Protein chains: 2
Amino acid sequence: MTDAGRFHVDPAISILAAGMPSLSPDDFQALCHLRVVHRFIGRGRSLLSAGEPFQRLRIIVKGWAMHSRRHHDRRQILDLMLAGDVIGLETDGQHLPLTDVEALTPCEVGEIDLKSLHRIALRSPGIAGGLTRIVAKQLARAEDQILRLGQMTAYERVCHVLLDIHDRQRAAGIDGKPVDFPVTQTVLAALLGLSVVHVNRQVMRLREEGLIVLTRQQLVLCAPERMASIAGIRPLDRGGSSTLAVAAE
Amino acid sequence: MTDAGRFHVDPAISILAAGMPSLSPDDFQALCHLRVVHRFIGRGRSLLSAGEPFQRLRIIVKGWAMHSRRHHDRRQILDLMLAGDVIGLETDGQHLPLTDVEALTPCEVGEIDLKSLHRIALRSPGIAGGLTRIVAKQLARAEDQILRLGQMTAYERVCHVLLDIHDRQRAAGIDGKPVDFPVTQTVLAALLGLSVVHVNRQVMRLREEGLIVLTRQQLVLCAPERMASIAGIRPLDRGGSSTLAVAAE
DNA sequence: CGAGGATTTGAGTTGTATCAAGAGTCGTGG
DNA sequence: CCACGACTCTTGATACAACTCAAATCCTCG
């Protein structure tokens, strides 16, 4: 960890650095020289709009946002974004963004000029590698989401996403403690590809079973291990017997 | 384009370079010095197994594979992989892969030592940036898949994925010409999160409507623009009126 | 205190899965 | 060369998961 600076380091920078595994002190210094513009975004306001050109990477310093993509009048939330998450690396700088990012709560965002970032990445290999790592983590999360949407029932999806939200706030997780949850069921529905009504029924069911306590702003998991086993995909055989399994030796 | 080499360049390398936008001649030279091991993988054999350590990036030079993830006895195909696709960048080299890659047809694979690749990336910023771009493209494809699974009906999913498979082989696409299609309906089902039976019904419907000609090994799109409009998400209002739309000015 | 959203519940409908079974296809070995 | 086994593809019947519509609270914020 190179980011324990005794100097004043912009929080957006230290968040960015935290996602990069092997920064040399020089790399870290280079990062610190980047100019960070801080913006405060109200609930419901846009941090990034599909189709609009943008020059700056955005780092969420505080607050929650949702990353979504729309097609006609429907929208699919790709992922929730919490403090520490980064948006803006997925394009090559030429293309316009395909996705929207909207604040779920008031947000503080640090913005860094992409050109400058790429310029210093040219000289700091650790930074270039770090950027790859950040995108790779986003890819891993996207794959989780694919698994949720493709293979899990509504009940399982809700369990899985609640666990995820819980774990992201409590990396060293202790059970039974509340975590922030500024997520309406409408948002959950758009995230999980379900109707609001059906999400509500699953939430109700989880409550009746005593697995969660969910208020407007807080979430408590009463039995995370039970929920984990629910989220662990159910026993079924949609995939069938041994499709294409040509007896690997 | 730096990869029009007059020297002998390993096809795996030129494929890799093609995915990197701004390679300097030096960067390209550095890439060419990498040692590439070519392997030939039979249909149904594994190119990469979840949980097994691996040291080498894999580049599909020829053939089709599927990239999937399993949980218990279910499997979700994350994406199909065609010639030019790359696997192995998503981990930091420390972690084990979470995903499987299996050959759908006999494949030729070029393998490059990840450590060596990362070593030269440290000195060739264009390469480091290129790696980010490759992962970013994978992320964009994953987001497409999320949209398919989260928002589209079975009929739309099949349309969308057939269009996708078609376009990937015919980037400068002409209609009415057949493209390779070594994909069973069982595989389609695992990709689209549907049952085989239901996939079959959608394929039958597309045939009856004269939109596709689909044989065991080939696909013809008879009216790609009609299919595109089908795949463009259906008119519905699952998302609701203006959730969280705090009248953006 | 009014309004717009969020949550909750009910009733009915539709999409998709499961089960089952027959026909077509392919590769392999006798 | 044919027969066998193992996948595929196809179709029908039925069951269940999830959606739609509708309406009644309940919040929350202006």
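The structure displayed is predicted, hence computed values, not measured ones.
Note on Arg69(B) versus Asp144(A): salt bridge recorded, some NZ/NE/NH1/NH2 to OD/OE distance being below 4.0 Å. Between Arg39(A) and Glu111(A), at least one side-chain nitrogen of the basic residue sits less than 4.0 Å from a carboxylate oxygen of the acidic one, meeting the salt-bridge criterion.
Residue Thr184(A) places its side chain closer to dA6(C) than to any other of dC9(D), dA6(C), dT18(C).
In the helix from dC1(C)-dG30(D) to dG30(C)-dC1(D), the end axes, each obtained as the rotation axis mapping the C1' atoms of four pairs onto the next four within a five-pair block, lie 50° apart to the nearest 10 degrees.
Nucleotides of DNA chain D nearest to Val197(A) and Arg216(A) differ in position, and the one nearer the 5' end is that of Val197(A).
The CG atom of Leu162(B) sits 10.0 Å away from atom CG of Leu211(B), with the distance rounded to the nearest 0.5 Å. To the nearest 0.5 Å, the span separating CG on Leu163(A) from CD on Glu225(A) amounts to 9.5 Å.
In this model, the phosphate group of dT8(C) is approached by a side-chain N or O of Asn200(A) to a distance below 4.0 Å at OP1 or OP2. A sub-4.0 Å separation between OP1 or OP2 of dT10(D) and a side-chain N or O of Gln185(B) is present.
Between Leu188(B) atom CG and dA17(C) atom P the separation is 13 Å, expressed in whole Å. Separating the CG atom of Leu149(B) from the P atom of dA18(D) is a distance of 14 Å, rounded to the nearest angstrom. Atom-to-atom, CG of Leu192(B) to C1' of dA17(C) comes out at 15 Å; the value is rounded to the nearest Å. Rounded to a whole Å, the CG atom of Leu194(A) is 11 Å from the P atom of dT20(D). In this structure, the CE atom of Met152(B) is 16 Å from the C1' atom of dT16(C), given to the nearest Å. In this structure, Leu214(B) atom CG and dT8(D) atom P are separated by 15 Å, rounded to whole Å. Whole-Å rounding puts the Gln217(B) CD to dC26(C) C1' distance at 11 Å. In this entry the distance linking CZ of Arg43(B) with C1' of dA6(D) reads 11 Å, nearest Å.
Here the options are Arg168(B), Lys137(B), Arg148(B), the test is salt bridge (charged side-chain N to carboxylate O under 4.0 Å, His left out), and the partner is Asp79(B); only Arg168(B) passes. In summary, of the residues considered (Arg157(B), Arg170(B), Arg141(B)), a salt bridge (charged side-chain N to carboxylate O under 4.0 Å, His left out) with Asp164(B) occurs for Arg141(B) alone.
For His38(A) and Glu108(A), the side-chain atoms include at least one donor-acceptor pair closer than 3.5 Å.
Gln145(B) places a side-chain N or O within donor-acceptor distance of the main-chain N or O of Leu191(B), the cut-off being under 3.5 Å. Within the 3.5 Å criterion, the main-chain N or O of Gly88(A) finds a donor-acceptor partner in the side chain of Glu90(A).
Of the residues in residues 201-213 of chain B, those lying under 4.0 Å from DNA chain D by heavy-atom distance are Arg201(B), Met204(B), Arg207(B).
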